[in-house]
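The residues of the chain are indexed from 1 along the displayed sequence.
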Amino acid sequence: MGRLWLILRLSIFVVFIAACSKKYEAEPPSEEYCSVGIDSLSNKISYLTAPIEINISNIENEINDNFSGLIYADSSFDGDDLKFKIWKNTDLTFQHRGEGVFDFRVPLKIWVEKKVKVLGMTQTPSTEFEILAKFSSKPFISSNWELKTVTNAEGFEWISEPRLSLGGFKIPVAGLIGGMIENYQGTIARLIDDEVANKVDLVGPVLTAWNALKEPSLLSEEYNMWLQVIPQDVLMTKLVFDESTLSTSIAIKAFVNSSVGKVTVPIRKSTELPPLKFANELPHGFGIHLYNLVTFEEAERIAKGMFIGKKMTFSENRELEILGVRIFGGANNKLIIQVNTDGDLKGTMFLKGDPVYDARRRQIILKNTKFDIKTKNLLAKAASWLIEGTLVSQIENDFGIPVDPIFDEAKSAVNEYLNVNYVNGLSVAGEITDITPEHVYLKSEGLMTAVEAKGNLAIKLTSFVPKK
């Protein structure tokens with residue numbers, strides 16, 4: 001009887017040892033990744049909204065530089081028995097009247113030659129005099145990107161009156177010449193409008209910037225992150241005027257793509273700009289969509305530093321030690337964590353959770369974490385003490401993938417990207433003030449965090465280059 005009891009006790013001990021040394025291998029869940037392409041995720045419409053200013057002095061300078069010296073000549077007596085030439089004496093200066101209308105005065109020197117017949121003989125006495133011609137002008141930007149003016153004549157003042165002498169007699173011509181001047185002031189107004197439209201080039205510098213935006217720009221060498229802006233349309237508000245500036249706001253509607261690795265699709269340069277679209281209101285500031293990628297290799301390296309060697313105590317003095325960790329993607333954008341353990345349960349189990357960005361911790365964390373169903377079913381039979389939640393809660397609490405270094409790098413790089421002096425006096429000054437993560441996608445390459453960057457942008461046109 002004693003011998004039988006000893007054998008029974010040895011048998012129970014052997015079974016217990018065998019049970020404790022048995023490895024439990026849960027069946028892994030299927031490996032799946034987000035099917036939405038990176039282009040589809042990053043191709044969200046962004047609006048780069050910015051004020052744009054044009055100094056009135058630039059318009060004055062352009063008109064004065066190209067509208068100087070002899071501005072009009074009539075070298076024929078046909079129709080009015082008059083020949084005349086008109087010179088601009090000094091530079092014009094705009095004065096804002098209000099409601100976008102500018103007044104300016106142009107000192108003109110005029111030479112007139114009059115054909116007269118005396119006793120059957122034709123004579124052509126001449127005279128020179130000066131007037132102060134008055135004009136008003138209303139600048140505007142057309143839908144085809146032309147800076148234009150609508151200039152109207154508003155009379156003139158005599159500085160010195162015309163005097164014709166013939167045979168010692170003075171011929172009264174002020175009324176005749178005054179009517180002629182009033183007729184030709186409209187012609188001068190059109191000349192001014194033509195000078196602005198033909199000489200002031202907005203398309204050139206904007207097209208240069210438009211194509212420059214399309215070129216991929218390296219944001220970060222460390223993360224091999226590239227940025228590319230594909231502009232689509234431009235919205236503009238009505239012009240606002242003061243004494244020194246012509247200002248408006250524009251919104252560049254664009255796709256802003258960021259990529260890990262340089263975009264290899266050939267860039268097609270634009271040869272013309274899309275027509276301007278006018279709007280009463282525009283978005284405030286600007287917003288662009290970017291994304292950042294943490295590879296699974298990097299995520300695993302971080303997770304192993306958190307968990308490998310970690311020992312956990314459970315009820316009934318049970319203990320586990322984590323020996324290995326693997327991270328991959330599962331169905332419905334679930335992050336799967338494979339955990340290899342030693343101790344009172346040797347084997348492999350799988351947990352899954354929703355990857356989200358935690359603004360307080362500034363990390364990608366897990367929420368709604370639980371055992372995979374196949375792991376849970378196995379543990380229910382072999383180690384129900386493990387299902388009580390301690391392992392799940394500790395992993396969820398400790399798990400965190402820092403992504404702020406990437407965000408900070410992107411923020412700094414985009415700020416540099418947005419501050420450019422283009423040719424022809426066009427400059428862009430911008431600053432990212434806030435980066436807000438929107439969603440974490442599990443791609444085959446790793447954990448991709450989509451973010452929206454918001455900030456301020458200003459565009460200035462400091463000079464003009466005449467059209468060729």
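Annotation: side chain of Pro355 is not in contact with side chain of Phe399 (no heavy-atom distance under 4.5 Å). Counting only heavy atoms from C-beta outward, the side chains of Leu191 and Tyr72 approach each other to under 4.5 Å. For the pair Asp91 and Lys88, the minimum side-chain heavy-atom distance is below 4.5 Å. Between Ile337 and Leu366, some side-chain heavy-atom pair lies under the 4.5 Å cut-off. Looking at Phe129 and Glu161, their side chains never come closer than 4.5 Å, going by heavy atoms from C-beta outward. Side-chain contact check for Ile181 versus Trp158: some heavy-atom pair is nearer than 4.5 Å. Residues Gln363 and Ile401 form no side-chain contact, since every pair of their non-hydrogen atoms from C-beta on lies 4.5 Å or further apart. Between Phe156 and Glu182 there is a side-chain heavy-atom pair separated by less than 4.5 Å.
Not a single donor-acceptor pair under 3.5 Å links the side chain of Gln338 to the backbone N or O of Ile336. Checking side-chain atoms of Glu130 against main-chain N and O of Pro107 turns up no donor-acceptor pair under 3.5 Å. In this structure, Thr369 contributes its side chain and Val392 its backbone to no donor-acceptor pair below 3.5 Å. The backbone N or O of Thr237 sits less than 3.5 Å from a side-chain atom of Thr248, completing a donor-acceptor pair. Of the possible polar contacts, none joining the Asn152 side chain to the Ser136 backbone as a donor-acceptor pair under 3.5 Å is found. A donor-acceptor distance shorter than 3.5 angstrom exists from the side chain of Thr127 to the backbone of Arg163, with no hydrogens or angles considered. Side-chain atoms of Glu60 never come within 3.5 Å of backbone atoms of Thr93 as a donor-acceptor pair (strictly under, hydrogens ignored).
None of Pro125, Ser126, Ser75 except one satisfies the side chain to side chain contact (heavy atoms under 4.5 Å, CB included) rule with Glu113; the exception is Ser126.
With sequence neighbours left out, Lys138 forms a salt bridge (charged side-chain N to carboxylate O under 4.0 Å, His left out) with no residue at all. With sequence neighbours excluded, the residues satisfying side chain to side chain donor-acceptor pair (under 3.5 Å) with Glu157 are Lys134.
The salt bridge (charged side-chain N to carboxylate O under 4.0 Å, His left out) contacts involving residues 392-402 comprise Lys310-Asp398, where partners must be two or more places apart or lie in separate chains.
The environment of Lys214 atom NZ is dense: over 12 non-hydrogen atoms of other residues, nucleotides or ligands sit within 6.0 angstrom. At most 12 heavy atoms of other shown residues, nucleotides or ligands fall within 6.0 angstrom of atom CG in Asn332.
Between the side chains of Lys83 and Thr124, no donor-acceptor pair is found at a separation under 3.5 Å.
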Stepwise side chain to side chain contact (heavy atoms under 4.5 Å, CB included) check, Thr149 with Phe135 | CA-CA 12 Å; Thr149 52; Phe135 298 91; over 6 Å; no
Given the rule in the salt bridge (Lys or Arg N to Asp or Glu O under 4.0 Å) test, do Glu146 and Lys148 qualify, once you have shown the distances and angles that lead to the verdict?
-> CA-CA 6 Å; Glu146 286 188 337; Lys148 293 186 175 183; 3.4 Å; yes
Give the intermediate values and the outcome of side chain to side chain contact (heavy atoms under 4.5 Å, CB included) for residues Asp81 and Lys114.
-> CA-CA 6 Å; Asp81 294 332; Lys114 172 68 174 171; 3.9 Å; yes
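Within the model, atoms NZ of Lys85 and CH2 of Trp87 stand 5.5 Å from one another, a figure rounded to the nearest 0.5 Å.
Between Phe94 and Phe241, the ring centre distance reaches or exceeds 6.0 Å.
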